[in-house]
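All figures in this text were calculated on a predicted structure; none of them were measured in a lab.
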Amino acid sequence: MTRSTGTLATRRLGTEGLEVSAQGLGCMGMSWAYGAADESEAVATIHRALELGVTLLDTADVYGAGANEELVGTAIAGRRDEVVVATKFGIVFGPGGRRSATGTPEYVREACHASLRRLRVDVIDLYYQHRADPDVPIEDTVGAMVELVAAGKVRYLGLSEASADTMRRASTVHAISALQSEWSLWSRDVEAEELPTARELGIGIVPYSPLGRGFLTGRITGASDLADDDFRRTQPRFRGDNLTRNLELVERVRALATEKGVTPGQLALSWVQQQGDDVVPIPGTKRRTHLEENVGALDVELAPGDLVLLEEIAPRGAAAGDRYDDMTWVVGQTRARA
């Protein structure tokens with residue numbers, strides 16, 4: 001299922017009026033983490049997304065140490081009015097590649113100005129804190145983000161991988177339009193606390209990795225399918241017995257997809273998209289063919305029986321292994337598994 005050109009249905013994120021296409025595009029893999037980059041194909045993929053009616057482009061300053069923002073800036077040059085640009089700040093790398101979260105007001109301002117420069121835009125449409133800084137009150141960080149809104153540098157505010165408590169506290173300072181968290185058939189713990197809280201507060205949901213970092217497409221059958229520098233090789237779900245067990249889950253998804261005449265990825269992505277009108281997944285890809293397949297998922301209709309079967313195939317906690325080796329990195333260090 002692919003589309004030629006046109007306008008996709010839109011969905012609203014939050015209560016402040018942010019409207020985006022019902023599916024966005026995650027741009028991280030075009031520059032970082034998933035093997036060799038191909039800038040010309042990446043730019044062509046973004047241009048194809050715009051032709052198909054995808055308006056939400058997601059990046060972050062940490063992706064390729066700014067390279068991904070620069071790539072997005074190149075791709076949208078001359079087409080700014082067609083795009084909702086979302087980017088993130090707050091993850092920094094220290095000696096030995098050690099990562100940490102930074103949310104001081106000074107850093108927020110510096111990061112925003114640097115992102116504007118790399119993206120070559122005057123304003124960021126949706127600006128996320130990428131991870132909460134445990135040493136800086138969220139009220140201080142969001143306060144600095146509000147200053148950027150007042151200065152006309154940012155339009156809407158978002159949080160990524162934020163806990164329920166973080167969202168509540170942040171919302172006392174300013175309306176939060178979007179929560180970006182991993183959510184897919186094999187990453188469902190967001191449903192326990194974060195999702196209900198976001199909905200209570202009127203915050204839209206932007207699931208990243210809705211295809212399980214590509215695993216739910218069925219194209220990955222073993223570690224040998226991943227490039228040597230692909231960061232998924234370091235993740236617990238892609239190693240050893242965990243990988244073997246997770247492949248069994250994918251095979252069951254594939255069987256249902258075959259019955260419906262769609263790809264496994266389209267089935268998995270459709271499941272996310274049908275979780276509510278406040279949900280806008282951002283499947284990532286660096287190739288036009290995969291982009292078109294993902295957009296085609298918007299045409300997949302899941303019957304109530306399909307949803308029941310998928311619940312049986314992939315209940316919460318079905319995936320073997322944690323998302324990261326160090327799960328204290330996720331959701332404000334509040335949970336051991338997500």
Side-chain angles (χ1 to χ4, degrees), residues 1-13 19-26 29 45 48-49 51-58 178-191 195 198-199 204-220 246-285 287-319:
M1 292 184 180
T2 60
R3 294 167 182 254
S4 53
T5 59
T7 301
L8 301 184
T10 60
R11 291 184 173 180
R12 181 164 290 191
L13 293 174
E19 194 167 285
V20 299
S21 53
Q23 184 182 121
L25 174 61
T45 299
R48 182 61 177 145
E51 291 173 2
L52 293 172
V54 174
T55 62
L56 177 62
L57 301 181
D58 184 86
L179 169 70
Q180 184 175 134
S181 287
E182 185 170 355
W183 192 16
S184 70
L185 281 171
W186 80 340
S187 290
R188 297 185 54 184
D189 279 7
V190 69
E191 298 170 24
L195 182 60
R199 285 178 163 158
I205 316 299
V206 179
Y208 75 85
S209 294
L211 293 171
R213 303 190 187 280
F215 194 71
L216 294 170
T217 65
R219 298 188 186 100
I220 299 171
N246 289 330
L247 285 170
E248 294 173 0
L249 183 154
V250 172
E251 282 307 308
R252 297 187 68 189
V253 172
R254 188 198 303 275
L256 180 57
T258 299
E259 288 182 17
K260 296 189 67 64
V262 298
T263 68
Q266 287 176 327
L267 182 70
L269 187 51
S270 179
W271 178 86
V272 177
Q273 289 165 169
Q274 294 189 38
Q275 296 304 305
D277 291 338
D278 57 350
V279 177
V280 178
I282 49 169
T285 185
R287 297 181 179 86
R288 283 167 284 182
T289 53
H290 294 168
L291 166 76
E292 291 174 355
E293 177 183 328
N294 292 342
V295 172
L298 289 166
D299 296 324
V300 176
E301 295 184 6
L302 298 180
D306 297 326
L307 295 173
V308 170
L309 184 54
L310 284 170
E311 184 68 30
E312 295 174 357
I313 292 172
R316 193 184 306 168

Q: Once you round to the nearest 0.5 Å, how far does CG of L216 lie from CZ of R254?
A: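 Rounded to the nearest 0.5 Å, the CG-CZ separation comes out at 11.0 Å.
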
Q: Considering only heavy atoms from C-beta outward, does the side chain of L310 approach that of L267 to under 4.5 Å?
A: yes

Q: At their closest point, which heavy atom of S184 faces which heavy atom of V272, and how far apart are they?
A: CA-CG2, 4.1 Å

Q: Nearest 0.5 angstrom please: L52 CG to R48 CZ, how far?
A: 4.0 Å

Q: Between the side chain of D306 and the main-chain N/O of A303, is any donor-acceptor distance below 3.5 Å?
A: yes

Q: Quick one, K260 with L302, criterion side chain to side chain contact (heavy atoms under 4.5 Å, CB included). Give me CA distance, side-chain angles, the key distance, then yes/no.
A: CA-CA 9 Å; K260 296 189 67 64; L302 298 180; 3.8 Å; yes

Q: Hey, what do you get for CG (L298) to CD (Q266), rounding to the nearest 0.5 Å?
A: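 L298 CG to Q266 CD: 9.5 Å, rounded to 0.5 Å.
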
Q: Looking only at heavy atoms, what is the nearest atom pair of G276 and R11, with distance?
A: O-NH1, 2.9 Å

Q: If you round to the nearest 0.5 Å, how far is CZ of R12 from CG of D278?
A: 13.0 Å

Q: With a 4.5 Å heavy-atom cut-off, do L269 and Q23 have their side chains touching?
A: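 Yes; the side chains approach each other to less than 4.5 Å.
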
Q: Would you mind reporting whether E51 and R288 have side-chain heavy atoms less than 4.5 Å apart?
A: no

Q: What are the two closest non-hydrogen atoms of N294 and P283, and how far apart are they?
A: ND2-CB, 3.7 Å

Q: Salt bridge between E311 and R188, side-chain N to carboxylate O under 4.0 Å?
A: yes

Q: Identify the heavy atoms of A318 and I313 that sit nearest to each other, and give their distance.
A: CB-O, 4.4 Å

Q: Testing T217, L211, T45 one by one against T285 for a side chain to side chain contact (heavy atoms under 4.5 Å, CB included), which residue passes?
A: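 Looking at T217, L211, T45, the match for T285 under the side chain to side chain contact (heavy atoms under 4.5 Å, CB included) is T45.
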
Q: Side-chain contact test, heavy atoms from C-beta onward, threshold under 4.5 Å: evaluate it for R199 versus L195 and give yes or no.
A: yes

Q: Side chains of D189 and R316: closer than 4.5 Å at any heavy-atom pair?
A: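 Yes; the side chains approach each other to less than 4.5 Å.
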
Q: Could you tell me the separation between the CG atom of L56 and the CG atom of L13, rounded to the nearest 0.5 Å?
A: 7.0 Å

Q: For G53 versus S21, what's the shortest heavy-atom pair and its separation?
A: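 Nearest heavy atoms, G53 then S21: O-CB, 3.4 Å.
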
Q: Minimum heavy-atom separation for L185 to A314, with atom names?
A: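 Smallest heavy-atom distance, with atoms named: O-CB, 3.3 Å.
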
Q: Do the ring planes of W183 and W271 sit parallel (below 30°), tilted (30 to 60°) or perpendicular (above 60°)?
A: perpendicular

Q: Output yes when a side-chain donor or acceptor of Q273 lies under 3.5 Å from a complementary backbone atom of V300, and no otherwise.
A: no

Q: Any side-chain heavy atom of I205 sitting closer than 4.5 Å to one from Q275?
A: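 No; the side chains remain at least 4.5 Å from each other.
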
Q: Between R213 and E182 (salt bridge meaning N to carboxylate O under 4.0 Å), is one present in this structure?
A: yes

Q: Answer yes or no: is there a side-chain heavy-atom contact under 4.5 Å between T10 and V20?
A: no

Q: Answer yes or no: is there a side-chain heavy-atom contact under 4.5 Å between Y208 and D58?
A: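 Counting from C-beta outward, Y208 and D58 never come under 4.5 Å.
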
